[in-house]
Amino acid sequence: MTSYTPSNIEAHWQAVWEKEEIFRATRSAEKPKYYVLEMFPYPSGRIHMGHVRNYTMGDVIARFKMSTGHSVLHPMGWDAFGMPAENAAMAIGGHPKTWTYDNIADMRSQMKPLGLSIDWSREFATCDPEYYGQQQALFLDMLDAGLVYRKNAQVNWDPVDMTVLANEQVIDGKGWRSGADVEKRELTQWFFKISDMAGELKQALDGLENWPAKVRLMQDNWIGESRGLEMDFALTTPKHNFEALTIYTTRPDTLAGAGFMAIAPDHPLSKALETENAPLAAFNADARRMDTTEAAMEKAEKKGFDTGITVKHPLYPDQTLPIWVANFVLMDYGTGAIFGCPAHDQRDLDFARKYNLPVIDTFLAMDDDTPVAKIAFVPAKTEMVRWINHPTGIEIATGQDAINQTIDWAEAKGLGHGQTQYRLRDWGLSRQRYWGCPIPVVHCKTCGVVPEKKENLPIKLPDDVSFDIPGNPLDRHPTWRNTPCPSCGKASKRETDTMDTFVDSSWYFARFTAPGAKTPTNMEDAAYWMNVDQYIGGIEHAILHLLYSRFFARAMHITGHLPKSAVEPFDALFTQGMVTHEIYQTRDAKGRPVYHLPEDVSEGKLKNGTKVDVIPSAKMSKSKKNVVDPLGIIASYGADTARWFVLSDSPPERDVEWTASGAEAAYKHLSRVYRLATDVKTVSSADENAGADLDLARARALCIDGVTRDIESFGFNAAIAKLYAFTAAIAKSKAGKAIKRESVKTLAQLMSPMTPHISEEIWSILGGEGLITLAPWPTAEASLLKADTVILPIQINGKRRGELQVSADLNKEEVEKLALAHDAVIKVLQGGTPKKVIVVPGRIVNVVI
RNA sequence: GCGGGCGUGAUGGAAUGGUAGACAUACCAGACUUAAAAUCUGGAGGCCGUAUGGCCGUGUGGGUUCGAGUCCCACCGCCCGCACCA
């Protein structure tokens, strides 16, 4: 008997699959299509267990769909632009391009041993000129359609690295690499007009039924929505060409309680005043600096600066309200100007008390006349309150009703107009970076900003660049910038900004439908393969990547690159949990923690006998050394074991803890199944003639039924539990070998989405026809799913007191009779009659006394 | 602060409102072995009891129901997201 040797088996079957090209996706007239996609990886150079789990889940779905008669598209690519490549170039020399393509080659060679059912012929990297050239074409079409524009925007500027930093790269007000104090700078940047679609992107969330409710909610909150009033307050005396201050408020009903006006430090009026008012300039500079420090922001003191300018009160023309610059008013929400209503907003109240501004109650509780003192009165908008001198004449109403009526009233009086405001801001895509997709426009002294001609695409990144000094190499490249203006032909300069890498990942799923097309997509292929039927990835992309992709799909429809049906590109989304591991720690002489790799620890001790502290599981990370290398696992146990384990122990949406004993158990199970298969490989003629075995047939039917339903509902861990049970049932069965052999073949089929190599091997040993991967999924015989007899628990007043074995189709009356004749029931009834008997056929009997 | 999710044996977890703890790990016992490993068989929520069995048990407290881990309310704890949004 040969034993289970995954290394031989896995290499063999991977070669067969590759030779037969069985994973090549082809459009089929007969079969329904199925597009399964896992979020493509960043080519860091090394796969980790998280990748293994993510791709295994997708692979289970892809292989299952293949077996159930679908034409499957399961592609893979690389999210290959981005900072790490440039950082590597700066740190260790070399070129980002070389670093990236070397990493891709490494990672591809690490992924192939997993035996994933990927159509590698469609592979691409976002840094391939063929890909980013089409992205540039898409950009030009979007520019043409008015979906892209330029504006001045404040950015985080690192003066040492001479680059713009994302908010996440600013830590305690300092650049994450350089440690330099980050400055706010105003730069002209490119933006996608995603805010134009805010309402649509929000509403369409309702239709995404097969997305996790959590992700929909996160997007909903991110987009935000509030209805309010935009209105002008006339300046008492016009100043710097400002005649009025336009404010936005969601509480127009409290207009009568206005105590002051507040504008953002970056409000145009504030900026105009700043030029002739040094203390204000200092205040603003201070406020802008504070803006970047997250920690300070949370508890930042509300501070203001009185400009000395006033507006006329729209309700009481003889009264004026002072305009303050306030550090808590944000320029990029609403109009950057508000009126403060201290009585009904805690923040405004704190501000008013600090600067001795009036506090005017506009409504009181139904049963309390106490005016506001230290705590602002902010009841729920659905609560009835009594209004004081309300401009619309309202006396008793809820806040919500008052808001709506005030908006109507203000519109009728021409004071302002109702306005729906979204929190979502336009997507700034400019990056002062080399390793990204060049923005295909030219700056011409005569013609201004001119789009590049499509026939000149791709605008390729130059290879001859250096990273030894900070800043964007494109900016200082001697020749690359020089180009004739596409419009007038005069010598001009290229845009040197590149695109945010989120752009690259916002349409790759569409490109996979026709990766070689000479346009961004091929409409026929897109129409056939889109949408992605099942998208799988991490929850960390719940907002940005998924929101941007939804925006891009719409933009691609508008520009003629996707059909209308594909504006929501992902029909179903699944967010998988992480792979975690215990952390092993000791301390050095100075008491600092020292971490140890799992392979160096056994039974809580290092090899030299030192005891380690075990810290509860956390996401695998290099810094904590709680990592298990997939390559090591594959080398010692095989890919099937790794695949089986990452699916087995926890529900896919939750974190799974990697344990050595769990991996061992997975390997043992596969070895056992392999042994079972070799045991029933050869059968005698007596075996062939042995009769059917009903118990085993039942176990088989139940397993088929259960595993099928579990895979369809992402219950991989539950499917695996059923496969363990079926394996035990076969092992213990006294049925003839021929019968058992058929059961083992079914077992191999049901396991094949999870452990394709060993399943293929067993199929071949046991004389299965063709490849198991292409074999049709087994079906459960309905008649076998129902047992002849069932054991019904008997409850008395809801507590289990006995059981009854009855034939499964026995009617209620008979069951009731038998139940009442049961010893336990007779004992408690003592000759009396029960109040009620509940019989749930096939389930339970409950006798109420 | 706002929003959401989750609390089940030693551990990961299972359970269309119907026998709580499937399956797996760790553990214990037995078989095989000179021994160990591997393999196989069996045990196991807690308490009481030799046992048939009984009582308790899904974070805490209430409620709905013939029946609640599951539905509702309040609280406690943990996790996640957002947060000066006018």
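Just so it is clear: chains get the letters A, B, ... in the order the sequence lines come, proteins before strands, and each one is counted from 1.
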Checking all strands, does [X] fall into the base, sugar-phosphate, or nothing category for heavy-atom contacts under 4.0 angstrom?
{"X": "A:K303", "value": "nothing"}
{"X": "A:S650", "value": "sugar-phosphate"}
{"X": "A:R425", "value": "base"}
{"X": "A:N717", "value": "sugar-phosphate"}
{"X": "A:V837", "value": "nothing"}
{"X": "A:L217", "value": "sugar-phosphate"}
{"X": "A:V848", "value": "sugar-phosphate"}
{"X": "A:S648", "value": "nothing"}
{"X": "A:A665", "value": "sugar-phosphate"}
{"X": "A:Y248", "value": "base"}

Check the distance between [N]'s [atom2] and [X]'s [atom1] and give it to me in whole angstrom.
{"X": "A:F339", "N": "B:rA86", "atom1": "CZ", "atom2": "P", "value": "12 Å"}
{"X": "A:Q795", "N": "B:rA20", "atom1": "CD", "atom2": "C1'", "value": "12 Å"}
{"X": "A:R709", "N": "B:rA14", "atom1": "CZ", "atom2": "P", "value": "16 Å"}
{"X": "A:E653", "N": "B:rA14", "atom1": "CD", "atom2": "C1'", "value": "13 Å"}
{"X": "A:D655", "N": "B:rC80", "atom1": "CG", "atom2": "P", "value": "10 Å"}
{"X": "A:Y4", "N": "B:rA38", "atom1": "OH", "atom2": "C1'", "value": "17 Å"}
{"X": "A:R423", "N": "B:rC82", "atom1": "CZ", "atom2": "C1'", "value": "6 Å"}

Heavy atoms from C-beta onward define the side chain here; which of [options] lies closest to that of [X]?
{"X": "A:R675", "options": "B:rC40, B:rC85, B:rU19", "answer": "B:rC40"}
{"X": "A:T249", "options": "B:rA86, B:rU25, B:rU19", "answer": "B:rA86"}
{"X": "A:K668", "options": "B:rU19, B:rU39, B:rC84", "answer": "B:rU39"}
{"X": "A:Y724", "options": "B:rA24, B:rC82, B:rC84", "answer": "B:rA24"}
{"X": "A:R654", "options": "B:rC23, B:rA14, B:rC40", "answer": "B:rA14"}
{"X": "A:R672", "options": "B:rC66, B:rC85, B:rU41", "answer": "B:rU41"}
{"X": "A:D649", "options": "B:rA83, B:rG42, B:rG12", "answer": "B:rG12"}
{"X": "A:F328", "options": "B:rC23, B:rU19, B:rC84", "answer": "B:rC84"}
{"X": "A:R801", "options": "B:rA86, B:rG3, B:rC55", "answer": "B:rC55"}
{"X": "A:I791", "options": "B:rU19, B:rG4, B:rG12", "answer": "B:rU19"}

Within less than 4.0 Å of OP1 or OP2 of [N], is there a side-chain N or O belonging to [X]?
{"X": "A:K722", "N": "B:rA22", "answer": "no"}
{"X": "A:Y333", "N": "B:rA86", "answer": "yes"}
{"X": "A:R800", "N": "B:rG67", "answer": "no"}
{"X": "A:K214", "N": "B:rG4", "answer": "no"}

Check your understanding: Between the base of B:rC84 and the side chain of A:K302, is there any donor-acceptor pair under 3.5 Å?
Key ->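 Counting by modelled atom types and ignoring angles, a donor-acceptor contact under 3.5 Å is found here.
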* Looking only at N and O atoms, is any donor in the side chain of A:R843 or the base of B:rU16 less than 3.5 Å from an acceptor on the other one? ->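 Counting by modelled atom types and ignoring angles, a donor-acceptor contact under 3.5 Å is found here.
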Straight-line distance of A:R216 CZ to A:L208 CG, nearest 0.5 Å: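 It comes to 6.5 Å.
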Suppose we define a pair by two distances each less than 3.5 Å, Watson-Crick or G-U wobble; what does [N] pair with here?
{"N": "B:rC55", "value": "B:rG46"}
{"N": "B:rG3", "value": "B:rC80"}
{"N": "B:rC66", "value": "B:rG18"}
{"N": "B:rC40", "value": "B:rG30"}
{"N": "B:rA74", "value": "B:rU60"}

* Residue met sooner reading RNA chain B from 5', once A:N797 and A:S661 are mapped to nucleotides ->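 Checking each residue's closest nucleotide, the 5'-ward one belongs to A:S661.
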*Hey, which sits more toward the 5' end of RNA chain B by its nearest nucleotide, A:D348 or A:E803?*
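Checking each residue's closest nucleotide, the 5'-ward one belongs to A:E803.
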Taking the ring centre of each residue, are [X] and [Y] less than 6.0 Å apart?
{"X": "A:F645", "Y": "A:Y667", "value": "no"}
{"X": "A:F716", "Y": "A:W644", "value": "no"}
{"X": "A:W324", "Y": "A:Y355", "value": "yes"}

With no hydrogens and no angle check, just 3.5 Å: does a side-chain donor-acceptor pair link A:Y333 and A:Q421?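 No pair is found: no donor N or O on one side chain lies under 3.5 Å from an acceptor on the other.
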- Task: Indicate yes or no for a side-chain donor-acceptor contact from A:T307 to the backbone of A:I323 under 3.5 Å, with no hydrogens or angles considered.
- Result: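 Between the backbone of A:I323 and the side chain of A:T307 there is a qualifying donor-acceptor contact (under 3.5 Å).
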Using a strict threshold of under 4.0 Å (side-chain N to carboxylate O), is an ion pair present between A:D679 and A:K737?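 So A:K737 does not pair with A:D679 through a salt bridge.
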Worksheet item: Are A:E712 and A:R709 close enough, and set up right, to give a salt bridge (charged side-chain N to carboxylate O under 4.0 Å, His left out), and what steps lead you there?
Response: CA-CA 5 Å; A:E712 280 169 345; A:R709 279 188 286 118; over 6 Å; no
